[in-house]
Amino acid sequence: MNFVTEKEREIPLTGNFDVVVCGGGPAGIAAAISAARKGASTALIELHGCLGGIWTAGLLSNILDWQNKGGIIQEITTELKERKAMLFGSIYDAEEMKLLLEEMTTDCGVSVQLFTRVVSALKDGNSNLTHVITESPSGRQAWKGSVFIDATGNGDLAALAGCGFDYGRNRDDEYSDLHGTAQPMSLMGLVTGLKSSKVRQFVLNADSVYEAEGKKKQSPAARENLLEVMKQAGVTPSYTAPTLFQISEHLYALMANQEYGYNAMSSEELTTATINARREVSALVKALASLGGIWRGIRLVSTAEQIGIREGRRIHGLYRITKDDLIEGLSHEDAVCRCTYWVDIHSLDPKVSGSYGNDGITVKPYDIPLRALIARDINGLMMVGRCISGDFFAHASYRVTGNAVAMGEAAGKVAAIAVISEEFPQDVSLNDAGVATSSKAIFCDNL
Ligand SMILES: Cc1cc2nc3c(=O)[nH]c(=O)nc-3n(C[C@H](O)[C@H](O)[C@H](O)COP(=O)(O)OP(=O)(O)OC[C@H]3O[C@@H](n4cnc5c(N)ncnc54)[C@H](O)[C@@H]3O)c2cc1C
């Protein structure tokens with residue numbers, strides 16, 4: 001491979017913050033809000049033009065593993081319900097979510113910068129992370145911080161800082177063979193033009209819709225029905241368990257695509273996966289429309305700007321959550337979040353598309369300890385969301401967004417305490433910090 005060498009240059013210092021959160025997805029917004037509410041000067045750096053990550057740029061529309069948790073996730077869901085943007089179960093309106101997250105972050109004084117990508121990390125001779133460098137329409141900028149939180153999903157910041165990590169299913173303990181080992185990606189779409197009462201048998205959250213109408217639940221075999229009707233229309237989706245969620249009277253989320261074997265850390269591969277996926281989602285909707293009848297008016301409103309990435313780097317932390325933790329239902333003194341979601345492994349093999357299973361692992365509710373959120377190889381760095389420290393199987397359970405928010409909330413608090421007490425996050429004596437009497441109550445009211 002050929003290389004060029006960049007000239008050394010001076011980079012303007014944008015600010016000196018107590019806490020710098022990189023990535024504004026579900027985990028990052030929670031980290032930033034909770035750090036700011038604890039009094040830390042907090043920056044939130046996000047590469048897309050909105051906050052929310054998979055919730056908004058990814059059009060996910062469904063929040064999982066949140067009902068047993070308090071704190072910020074309850075604030076978000078309560079507010080969405082009040083705004084009539086979460087009408088049927090855990091399905092929400094992504095546009096209202098964007099607004100809400102902008103309000104929540106700016107209301108508590110977080111310095112939000114959109115359109116900004118973290119591209120480099122500086123550390124001193126003692127492996128202390130000191131600055132991140134970003135690229136944006138403002139050019140190259142430097143951000144100084146006391147504690148950094150990697151909420152980029154893929155663990156970009158930690159990798160740039162030189163942390164070790166795992167990726168995918170094979171070679172679980174050793175990063176070497178990146179390609180083709182992770183769960184598939186999926187591009188979400190929003191559709192309209194359907195009459196709610198006519199398509200109920202295809203809607204996965206139909207029971208919640210019936211409930212909202214005061215009717216008896218009927219639990220249709222929604223995925224099977226949708227697959228069947230797509231086949232009648234002459235198309236077989238790459239995700240053979242296609243899913244339609246009803247968001248409001250006229251709006252639905254569609255997940256019917258899977259892209260196999262692409263590397264989430266390669267722009268070239270993400271581009272190919274996205275172009276393939278967008279073409280497929282459009283073709284599926286047009287095929288349904290061609291059936292006429294109840295499908296005549298169906299129209300694709302939008303596809304996600306960001307293809308949904310199930311797996312990126314899992315950064316090495318002071319503790320690694322493994323499948324044994326899930327099987328045993330392990331609890332910890334430094335618990336930040338209790339997970340209840342199952343091990344949800346979407347087949348890595350396109351030949352068995354649509355299959356998802358738990359690899360024989362039955363989950364007992366288990367804790368995520370704070371140590372899994374603290375980087376092992378660099379000082380002053382925490383991770384939240386899907387890039388925390390765990391194995392392939394544990395990640396397949398804890399990655400969902402109810403957990404991401406709880407982790408973010410905890411990390412933000414600990415980061416703020418660390419700054420006040422002038423310690424690294426791993427050295428914070430939580431009781432000495434005087435924030436709570438019991439370690440389990442410190443982080444979030446979710447246990
Ligand atoms: C197709 C699909 C379906 C899923 N279904 C569900 C579901 O139904 N319910 C559920 O709860 N979970 C679901 N999940 C899992 C869950 O959505 C993810 O694990 C979740 O995104 C984790 O949140 P996060 O904040 O860690 O990451 P993300 O949502 O990925 O957020 C990361 C943020 O960081 C930003 N970023 C990335 N790199 C940089 C950088 N270098 N500099 C600055 N910013 C950066 C991104 O733009 C993004 O905003 C699904 C995931 C996928 C892919």
Side-chain angles (χ1 to χ4, degrees), residues 20-32 43-67 73 77 89-92 97-98 101 112-121 132-136 143 149-160 182-189 204-205 239 243 245 253-259 264-265 267 270 273 277 304-315 339 341 344 346 356 373 383-388 395-408 411:
V20 178
V21 181
C22 301
I29 56 97
L44 177 58
I45 301 168
E46 164 57 42
L47 78 84
H48 285 297
C50 60
L51 296 176
I54 186 84
W55 271 347
T56 53
L59 294 179
L60 179 63
S61 311
N62 186 23
I63 305 177
L64 289 168
D65 210 0
W66 62 276
Q67 283 91 344
I73 190 65
T77 51
S90 299
I91 309 303
Y92 66 86
M97 181 73 97
K98 287 181 194 167
L101 300 183
V112 177
Q113 188 165 308
L114 301 176
F115 308 109
T116 303
R117 180 186 283 274
V118 174
V119 294
S120 184
V132 294
I133 310 290
T134 57
E135 286 280 3
S136 72
W143 308 66
I149 300 182
D150 187 339
T152 61
N154 283 350
D156 282 10
L157 169 58
L160 290 165
Q183 293 195 42
M185 302 175 189
S186 298
L187 186 73
M188 299 289 302
L204 195 68
N205 60 327
Y239 181 42
T243 308
F245 290 120
L254 175 69
M255 189 176 98
N257 155 264
Q258 283 196 322
E259 297 296 324
M265 276 75 74
S267 296
L270 278 173
E305 180 187 350
Q306 170 68 62
I307 194 167
I309 298 169
R310 288 194 174 78
E311 287 193 69
R313 302 179 188 89
R314 303 189 303 274
I315 306 301
C339 306
Y341 196 59
D344 180 8
H346 289 247
Y356 41 90
L373 276 47
M383 302 81 67
V384 291
R386 60 188 165 82
C387 62
I388 68 163
H395 170 275
S397 163
Y398 64 62
R399 69 166 185 256
V400 294
T401 55
N403 299 323
V405 172
M407 294 177 210

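Both ligands and their constituent atoms are indexed starting at 1 by order of listing. Values below: every heavy atom of this structure, side chains too, minus hydrogens, waters and symmetry copies.
Residue-ligand proximity, G23 to ligand 1, at heavy-atom distances under 4.0 Å covers atoms 34 (O), 35 (C), 44 (N). Using a 4.0 Å cut-off to heavy atoms of L60, the atoms of ligand 1 that qualify are 3 (C), 4 (C), 5 (N), 6 (C), 7 (C), 8 (O), 9 (N), 10 (C), 12 (N), 13 (C), 17 (O). Every atom of ligand 1 is numbered from 1 in the order shown, and the set under 4.0 Å from a heavy atom of L47 is 36 (N), 37 (C), 38 (N), 39 (C), 40 (C), 43 (C), 44 (N), 45 (C), 47 (O). The distance from ligand 1 to the heavy atoms of N62 drops below 4.0 Å at these ligand atoms: 7 (C), 8 (O), 9 (N), 10 (C), 11 (O). Short contacts between ligand 1 and G308, defined as distances under 4.0 Å to a heavy atom of the residue, involve ligand atoms 53 (C). Each of the following atoms of ligand 1 lies closer than 4.0 Å to a heavy atom of H48: 47 (O).
The protein non-hydrogen atom at the shortest distance from atom 37 (C) of ligand 1 is T152 O, 3.2 Å. Ranking protein heavy atoms by distance to atom 47 (O) of ligand 1, first place goes to E46 OE2, 2.6 Å. Of the protein's heavy atoms, R399 O, 3.7 Å lies nearest to atom 22 (C) of ligand 1. The closest protein non-hydrogen atom to atom 30 (O) of ligand 1 is R386 NH2, 3.0 Å.
To the nearest 0.5 angstrom, R399 atom CZ is 12.0 Å from D65 atom CG.
Relative ring orientation between Y92 and W55 is described as perpendicular, the plane-to-plane angle rising above 60° on a 0-90° scale split at 30° and 60°.
Polar contact with ligand 1: present for L64 (N/O pair, distance under 3.5 Å). Residue G385 places no N or O, backbone or side chain, under 3.5 Å from any N or O of ligand 1. Residue contacts with ligand 1: R310 is placed with no nitrogen or oxygen under 3.5 Å of a nitrogen or oxygen of the ligand (distance criterion only). Close N/O approach between T401 and ligand 1 is found [any backbone or side-chain N/O within under 3.5 Å]. Backbone and side-chain nitrogen or oxygen atoms of I63 are examined, and none is located within less than 3.5 angstrom of a nitrogen or oxygen of ligand 1. Where the criterion is an N or O separation shorter than 3.5 Å, residue side chain and backbone included, V118 meets it with respect to ligand 1. Every N/O-N/O distance between S186 and ligand 1 stays at or above 3.5 Å.
Side chains of S61 and M255 form no contact here, defined as non-hydrogen atoms less than 4.5 Å apart. Contact check for D344 versus R310: no side-chain heavy atoms found under the 4.5 Å cut-off.
Between G28 and L44 the shortest heavy-atom distance is O-CD1, 4.0 Å. Heavy atoms only, all atoms of each residue included: L114 and H48 are closest at CB-O, 3.5 Å.
T152 and D150 share a side-chain donor-acceptor pair at under 3.5 Å. Remark: the W66 side chain and the T77 side chain contain no N/O donor-acceptor pair separated by less than 3.5 Å.
Ranked by closest heavy atom to atom 24 (P) of ligand 1, the top entry among P26, C50, G53 is P26.
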